[in-house]
Structures are given as structure tokens and as C-alpha cells.
Amino acid sequence: MFVNDLFCFRRILACSVLVTVIGIAFFCSLDTDIWVDKEKLQEELTKKEYETDIRRTLPKHALERLDTYMKLTDLKDYLSLVNISTSVIIIRNGKSEVNIGDDVIVDIDLYNGRGERSTRGGDMLRVWLREPSRHASVSGYVFDHGNGSYTGIVKAMWTGNPELMFSIANTKEHIGVFMNIVHKYGLIKFLRARFMKGKLTEVTLCSIMPNIPKITDYCNFTTQNFNFSFFCGKPKHMDCKDWVLYAASSSYSCNAKNISLMRNKYIRKKVGKVKVLAGSGNTGESDIPCHDVSSNLTWHTSNPTGYFYKGKWRPLICKPSISWKYESYAKCLKNRPVLMTGDSTTRNWYVPLTKLLNLTISDGRHEIKDKAWQKFAEAGNNKKSLSLYWTPHEIPFYGSERIEQNKNNFRSVASRIDNLPKQRSIILILHWYAHLTRTTPQQYREHVTSAKHAVVRLLKRSPHSKILVKGPHSYTHKFFVEPFDYISRIYRQILYEEFKDLQDKVYFIDQWDATIANENFDIHPKPALDPIMVNFAFSFICK
């Protein structure tokens, strides 16, 4: 206790500013730290933008750090990176007894594998509470002081004895090296095209920019990819027009050393146990039905957006207004065509919904018939006036490396939206994340912008349509090299910016807090979460 008090006292003397503990630490770290733009210091302290941005579901300033990350161009070795085993993580003042609604505060000082203290910020950290016996969990947020010290804050949401958990999601070096690679080559992992002419066949690598090692001649398929940049190596014995099949490849744009050092090392650490009493506090849950919540409000939530208790997700923004039953959904979706776009995670929303409605999924009438699932699908019942569709977003899209499919199965999300019928109450769910984490933020923005313009056109011809944007989810599988925690923040900022003028007509569905809280590991959220989140999403548009 004496050491902690002395530490705080020294900071106060050094800074001579009466601000919060977090503000003091942040301010004092600015003189030597590259992570802070000194010119913006006074503005950020005055507006408290920095503090509030960390808590926001959709941050406004995450992209401001990208240039600083880009200055980190080398991953030396494991020992040079911050290490969960050598770092010091303690509950502030040893306060392990709180009331519901109180914040549990964690002081974090990072050290590398050699036991040397980190003196710069930029690492992405996680804190959360969990109590497996109650099937309960809630995620928190972490404030970066810019000098190797951090403050974790997580709200106590139920009475019990939860464990306080901590992990290092991405190191700053990981983020920096990754971003440099994708900005140079377009993708962290190349795609491939198969060209066919008679009995001849050739395979070449592809990317969103013409910079693939050992390739000098390119086919520019940007026009075929609905004006999203896409280039493939030109075949030696055929023409570009002979491109037929498309698939993922196993070729990375980075070297083996960087692949090894960037592999996700999801190591959790229990900080301690907390006793949560009922007290006079509350969880902050709302009694307002989701159907009565404005779409604008969904873009302005903050951590935590909800918590799990007894395996049930309890959102704080509103109370789900529809039950997961056939009768409820058949009534809501009658004469309201549903189009879900994205990847396998929206496919995993689509499938349980079609099962609930007793519908059979089939390939679109005009789709190429092959083994690949990544293509337009439809399910419906004309007698019940039900019609549900799913489509993958544009290239770059990573399916199986073993299964090639016809390139014509991929169309732009905008073109799918433009094909929706006029004067109908359309339900549209949009999603971009996992596949596009392998490219640049600018490429991500172009995909979102294209679809956003199509949404504007849809609302002009079908003004009663309902639009929902499904946000990113967390996953930490060791197979992947992408720094998902930081990418998620910048992509959520892009979503916020691109839909800013449509937030009164478009809903944002957050999944990040839920998948942090339930410690999602695989690329897909846990199957039990899919119907929960589908029901939460549809609660905004169904009674």
C-alpha cells in the first residue's frame, strides 16, 4: 500500500495538475513517448476524447495511431516483446470486494521477455471478469498511458466471486510489422487464380495491388471485381481472359520469421478473485424494448455493452423484444425479404434462422453448381411469403485452399443490394471483417463505401427497409497472424465514419464485448452465440 501511495504521490508532484489518476499517468508520459501527438495534448485533455474513445464501441481516434505503428518495422525475437509472465498486473489497492455496478481497476506494468520494463505504449490488452460456475462473464477496457503502464477497468455485473482475467492481445511490434507488410503487398496472404484453355491450365498468385514477389507481368481484374482493385500474375501460355477459377492460397507476403513471431499467442492470466456484493448498485440494464430504441443510439454505446449470466446475453442498451420461436419470426418476416451479406459468420446467422423457419437452403438459380459454399444462397416459402438470401462479399475472400470455385460466383455487395425488389420492406444485414483483416484499412473502407452508396439507393426506392451492420467479433486462434484487436478498432471507426450520415436509418450490432467476455477462440463465434445474437439483432426490427 505504501509503495502504491508513494508512486501516485511522485506522479502528482511531477505533473502538478489536478486531474484523474488516469489523466495524470497519461499526461506525464507525454514528454518522451512517441505514442502521443503533443500538439493534440491540450485538446484531448480538455475534451477528454482520449479517455472516452477507449470505452466507445465504435472509436473515433483509433486510426490516428496508425502512422506511429508504421514506424515499427522489425520483430526482433520473442524476448524483445512484452511478456505476460514477466509483466506485473495487480488489482488497485488490493480492493477485491466491490458492489454491483462498481469498477474493478487493474494496474498494469508491462515487461519484456528479458525482464526489462516497457517504456512505450501501443500494446493491445484485454481485461474481463468470469465466473464459470454461473456461466457469467463481462469484458472491460484498457487505458494506455503511453509509457508501458496501463489501467484496466471492468464493471462488476453480478453478485458472486468472479475471476479477474488479463491477456496481451497484440504487441505494438506485431501491429507495426503487419501493417507495413499489407501496405506494401496489399494482402498478408495471397490469393490464387486458375487459368484454363482447352487442356492447358496454370495457377498464379493474386493481390489487391501488383506487387507480388517474382511476378512482373499482371492481369488487371479490377473491372471484373466491380472496381475493387485486384491483380493476378499473368499466365505464361494463356491470356488474362482465360481466368476461370478462384481460391485461397497458402503463400504469405511475409517471411517465415515474421509469420512465426506474429502467430497469435493467446495466453490468459488470472489476476485474482473479486467478491461482488449486492450493495445499492445496479447493472444498468434497460427495460426499454429493443424495437423502441433508435438506430442512432446503437452507434454510440460504450463498454460494457452487455454481459453473460447463466449463459444468457444481457444487453444493456435494451431488452430483446422478440422470442426465438417460429411464430414470432414467421410473423415478423412475412413479405419482408432478408438479405445477409458477408462471410461464414453471417452464414452462421443465416443457417439457424432458416432452420427455425423450416426452410431449405439452395444455391441461387443463376449460381455455378460446384462444391464451394461461398456463393449466393436462397431459402423461402412462397405460401408463407418468406424469402431469405445470403451472399459473400467481394474479393478478397478466403475460402478453402482445396476447393476452387468459379470466379463468377463473387459479386459486389452493392450489386446484390441493387437487385433487391422495389417498394418492399427489405431487411439487410451487412458485415465485413475476417477476410478483410488481411488487407489495408483503405481497401476495407472502399468495400464499406461501395455498399453504403447502394444502401442509399435502396432507401430511396424502398424507404421502409431496415438496415443492420454486424460488427467485428474477437478470435485468437494461433493459426492466424492478423492483430485482430487493433484491426477491429480501426475497422469499427471506419464503419462509424462511413455510416455517420445514415445512423438514423441503420443499426449497428456489436459483438466485440460478447466474444471477449465468452473468450472466443476460433474464427467463428461459439455456435451457441449465433441464435442469441441473431435474436438480439432482429429485436430492433421485430416486435
#### Entry: salt bridge (Lys or Arg N to Asp or Glu O under 4.0 Å) pairs, two or more places apart, involving residues 483-501
Asp53-Arg489, Arg126-Asp485, Arg445-Glu497, Arg445-Glu498, Lys452-Asp501
### Summary
Here the salt bridge (Lys or Arg N to Asp or Glu O under 4.0 Å) pairs for residues 423-442, sequence neighbours left out, are Arg438-Glu482
Applying salt bridge (Lys or Arg N to Asp or Glu O under 4.0 Å), name anything that partners [X], two or more places apart in sequence or on another chain.
X	answer
Arg130	Glu163, Glu519
Lys189	Glu401
Lys407	none
Glu446	none

### Query
Does Pro396 reach the side chain of Leu436, with side-chain heavy atoms less than 4.5 Å apart?
yes
### Message
Please enumerate all residues that pass side chain to side chain donor-acceptor pair (under 3.5 Å) together with Tyr491, with sequence neighbours excluded.
### Response
none
So, using ring pair (Phe, Tyr, Trp, His ring centres under 6.0 Å) as the criterion, who are the partners of [X] when residues are at least two apart?
X	value
His447	Phe228
His477	Phe521
Phe166	none

Hey, can you pull the donor-acceptor pairs under 3.5 Å for the side chains in residues 528-536, sequence neighbours left out?
| unit_1 | atom_1 | unit_2 | atom_2 | d |
| --- | --- | --- | --- | --- |
| Asn535 | OD1 | Tyr329 | OH | 2.7 |
| Asn535 | ND2 | Ile322 | O | 2.9 |

### Message
Would you say that more than 12 heavy atoms from the other residues, nucleotides or ligands in this model lie under 6.0 Å from the NZ of Lys275, or not?
### Response
no
### Query
Does anything in residues 490-543 pair up under disulfide (SG to SG under 2.5 Å), and if so which pairs, sequence neighbours excluded?
Cys332-Cys542
